[in-house]
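First the structure, in the form of structure tokens, and then the observations on it.
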Amino acid sequence: MRRPRWVPGAVLATSMALVVTGCGGGGGEGDGSGSGSTDAGITVFNTEPENPLIPGNTVEVGGGHVIDSLFTGLLEYNGDTAAPENAMAESIESPDSKVYTIKIKPGWKFHNDTDVKAKNFVDAWNWTAYGPNATQGASFLAPIQGYSEVHPKDPDGASGPEKAPVPTVDKMSGLKVIDDQTFEVTLAEPFSVFRTMLGYSTFKPLPDAFFTDQKAFEANPIGNGPFKFVSRVVNTDIKLTRFDGYGGEKPKYKDLTWKVYQSREAAYPDLVNNTLDFMEELPPNALAGELYKSDLGDRAIEKETLNNQTLSFPLYQEAYKNIDLRKALSMAVNREEITQQIFQGTRTPADGLLHPLLPGYKPGGQCGELCTFNPTKAKELFAKSGFTGTLKILSNTDGGHQEWATAVANSIKNTLGVEVVFEPATSFGDFRQKVNGRQMSDMFRAGWVADYPHPENFLTPLYSTGASSNDGEYSNPAVDAKLKEADTAPTEAEGIAKYLEAEKMILEDMPSIPLWTQNTVAGKSDRLKVAKLHPFRKLDITSVEVA
Amino acid sequence: MSDPTTAMSGAALTEHAGAFVTAPEGDDKQKPRGLFGDAWRELRRRPLFWISATLILVVLVMAAFPQLFTSADPNLGDLSRQRQPPSAQAWFGYDNQGYDIYARVIHGARASIVVGFLATLGVVVLGGVLGILAGFYGGWLDAICSRIADVFFGLPFVLGAIVILTTLNASGDASEAQIVSVVVISIAVLAWPVAMRIMRSAAITAKQQDYVKAARALGASGWRIITRHLLPNCLAPVLVYATIALGAFIGVEATLSYLGIGLRAPVVSWGVMINDARNYIRAAPHLLLFPAGFLTITVLAFVMLGDAVREALDPKAR
Amino acid sequence: MGRYTLRRLLQMIPVFIGTTFIIYFLVWAVPGDPFAGKCGERDCPDAYIQSMSEKFNLDDSVFVQYGKYLLNLVSGDFGETFSGVAVSELISNAYPVTLRLAVVALIVEAIIGVTAGIVTGLRKRGFLDSLVLVSTLFLISIPVFVTGYVLQLVLGLEWGIINPTVSSDATIGELIVPGFVLASLSMAYVARLTRASIAENRRADYVRTAVAKGLTQRRVVGIHMLRNSAIPVITFLGTDLGSFMGGAIVTEGIFNIPGIGGLIFKSIQFKEGATVTGLVVLLVLVYLLMNLLIDLAYGVLDPRIRYE
């Protein structure tokens, strides 16, 4: 009996069919680089946004970049100094840091050609703050009077079975629309930082179209920013194009594509061969041995960015209640060597809790000898503390923290002669969970990325008693009192001075070891004549000029 | 990545597993030595066997007594020596933390070998026991075992490994023993079906041999038949599989460590070293070269050994 | 054969349920708050956690969750990720890419492996034979990621012959080198398998008859030997295709291929249960169907096989 002849043919045909259907799926699209610089398009590195593109619900970096392109708020932070500047706001006045009268510039439009009015801001803020909307940015609106009514607390926390009561109102009493260009904000208490906060993404306006059909908005966001939405393919890219009706300074190029890569390492070769136009932070394997200098030459861009790294002590563990131990450990870390060898100079040793770019920063910092590498003094204090046993440093590894944490562990070990081990947690989520659950047995990685450029942002959320990011459970009533004084100071300048006093007090307690601040290295393609890195570690999109 | 063990054993061995069981008739003039005796004579004559056996012996000694090879401390990191290339004091140079690479490679042998060995042991024991029972008793026991094996076969190996390891690794503070056992368990749990299938098909073939029928006729209990008659004769294919699997599992450990979910600090293994070297391949290739080289040679040695053993045991080749 | 197929299809169901339930259980039910890392370095607002838990049925027992999931699955709803993206969209974007990679790898593996195997199988114990044996041993021993990195480094970054990473279109041309890397391990096995198979058949009676009849070498090998030697090789290639589609996580990671490998890895890390289970469902189905196809093909290729 003959074997049927059709079998090999069928196999061949099936595999061909598979290949052809596979081929059919990806049509290459050219990126819209036309002739002339004003019609050019650029492609920028991004990570996939974690939530639908709504300003009040976007607190992470991937979504933040896109939101910044699509929306413009009252204030923006200057691309060089990070100082707040008026964007859509014409004026923000307050006699007492409690009642703010905000006037917006006329003539600004949303991408669907409707006007931007004061009520768009008020409606957006009310929507973000409203508890049942479950936004991630709600807590930024907490200073406003009426917040606790629209966002009642869950009586037993999120994990408990009881739910938060449904709020009775959906508008905050502290927000009042005066006319199309003016609205008034009343805070629950005077808060001198409020003006600076207004540049953060949760304070951006939403068009009326959002409230009529939120689902359609999520598929096709409508903002008032320099770029308007064109298309999005999840995990691939988000395409935007210049909005010609923009009320502010229009970008000098036409198309902006935020391209999603699997990892920075995968994106880097594209940057080198000019397929990718900008990447706001180079991967570690490009920094190693300063390879980026030979790969990119003058296409590498360095800028101080508003983030720092610290090592927090779990003050709820007995061993770490000993202040001599904490000080000894801080003095045993050779910050200079680590920032040089591990980070190739892209980090600067920290000299306090505040970042040098913040207003009110004292040159030289306030930490002094406590943040300086001093093996003799460290050994002295360590002996005084009487600690015996093994120390651990805890961190997650998926953010590239393995290298420096091991180096810090080795630095302490070699200086003090005590056994120090770095213990990794595999994922950020697991690590966060243990931190939140107060299950840290030893010092753990911590750090801060500024939400807005003000010293308050680097102190209160981290070091006031019971604050949301006070993971080490540090508590000092004197510090709390000082921070409160600073919050309620009548002018911003007075407030800043008091915040600095608070910083000094905190540093004396050493609840966490300040390690370093970041001097980010970004890269651009040679198509971009000008491209600036913003202190918030993102591309300054209006600064870009295409050659 | 395709599962290295299914590739080799599933296809190539299961058909021949039965063949291993039927020992050829010995020459009338010579004294019959049995399968293993003949195999040993064959093996002794092959240079491949001696090369691989020597390599394996060296690696085993390295794993058991690292002090014989190096006196440097593998955990002493001095940043000032970062990434220095090989020199007289440090034959393999220093890595990114300033650790002595040679010392770490030598000490790393232990973790890699232990994982490979224990995982193979687990797979062979678990798979072997179930396989023999399923093959001998047949019926519903066979059906259940085969279905369960199918479930595990359907699970892509790396996916299953990632899920299991991410779950088990969730707690950050684990002792060295815990880190190693978690990896061993995940490999064993995912790879046992292969061993089971091999043993089962060997058992099925053996079951039909005359000597088993004779034993049954004489009234031997199931247990006795399994231990005295089936086991020694089904051992051959599993032995071949185990040798090759040991090499494969050492490679699997490296891949899992590369993905970041296998062994990790403070355990030192070749996979961990390769993972650490990942970002510096362009800047300092010697960070990757040495552990990768040792890994490759060790796996090669085991695979060669398995190959040589299989050729020696294969009655068809004679 | 029809009854056999039906029986196999029915047997697939418990296996399918078993595998998917295990994965679902491991990803969802294991203690671990899936929202712990979602909001950056600060805690997520309670309201957010509350509404997400409701949406994803996290307050039910795991059996109830799994049941609800299966019901949704039957109606074609693969669920959503925590960011609100439809899982089916994610999978349909990623799967064709992995499919292309798998087919490329298969073709590379088949061509190189079978050719090497035939050539060495026909003449045993020559220089070529030893060369192939040794090189296959090396290919088996070197871990996939080392091959991948070295090739990417040498061909991509240093010599510039290929693009070091694959673009999001992932055309066939770009996938050749990654396909080679993916196939490197299996290529070695195919070569050895073919070699053993050919060597075995070379001594068979029908070959002796064919040669005695005066047929040319090409005809003897091409028509008679190949058909019989091909059986174990095709079986192997078939299972390989199934396992390639299981997500070549390592290869996809190195070359930035936007396939399901990277998707799986990220989803597991972020405890995106819906995505992981959806992918596993797909992969298990593919694997089971591939197995069935191969067994049927086996029966077609070798008429001696009968199905009860």
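Only this structure's heavy atoms are used, side chains among them; waters, hydrogens and symmetry mates stay out. We name chains A, B, ... by the order of the sequence lines, and we start the count at 1 in each one. This is a predicted model, so every value here is computed, not measured.
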Checklist entry - By a 4.5 Å heavy-atom criterion (distance strictly below it), what part of B:Ile250 contacts chain C: side chain, backbone, both, or neither? => result neither
Item to check | Contacting moiety of C:Val280, where chain B heavy atoms sit under 4.5 Å | outcome: side chain
Checklist entry - Between atom CG of B:Leu288 and atom CZ of C:Phe145, what is the distance when rounded to the nearest 0.5 Å? => result 8.0 Å
Next on the checklist: Using 0.5 Å steps for rounding, measure from the CD1 atom of C:Ile249 to the OH atom of B:Tyr258.
Outcome noted: 10.5 Å
Next on the checklist: If I measure from the heavy atoms of chain B, does C:Leu288 come under 4.5 Å with its side chain, its backbone, both, or neither?
Outcome noted: neither
Checklist entry - So what's closer than 4.5 Å to chain B heavy atoms on C:Ile22: side chain, backbone, both or neither? => result side chain
Checklist outcome for this item: Greatest number of non-hydrogen atom pairs under 4.5 angstrom with chain B, of C:Ile23, C:Leu279, C:Ile17, C:Thr20, falls to C:Ile23
Checklist entry - Rounded to the nearest 0.5 Å, how far does CG of C:Leu133 lie from CG of B:Asp307? => result 7.5 Å
Next on the checklist: If we define contacts as heavy-atom pairs under 4.5 Å, which of B:Ile148, B:Ile164, B:Leu295, B:Ile162 has the most with chain C?
Outcome noted: B:Ile162
Next on the checklist: Let's test your reading of the structure: which of B:Gly247, B:Ala254, B:Gly271, B:Ala292 forms the most heavy-atom pairs below 4.5 Å with chain C?
Outcome noted: B:Ala254
Checklist entry - When rounded to the nearest 0.5 angstrom, what distance separates OH in C:Tyr287 from CG in B:Asp150? => result 6.5 Å
Item to check | Top of B:Thr296, B:Thr298, B:Ile297 for chain C proximity - count of heavy-atom pairs under 4.5 angstrom | outcome: B:Thr296
Checklist entry - B:Thr255 versus C:Val144: any side-chain heavy-atom pair under 4.5 Å? => result no
Checklist outcome for this item: Bottom line for C:Phe138: the part with an atom under 4.5 Å from chain B's heavy atoms is both
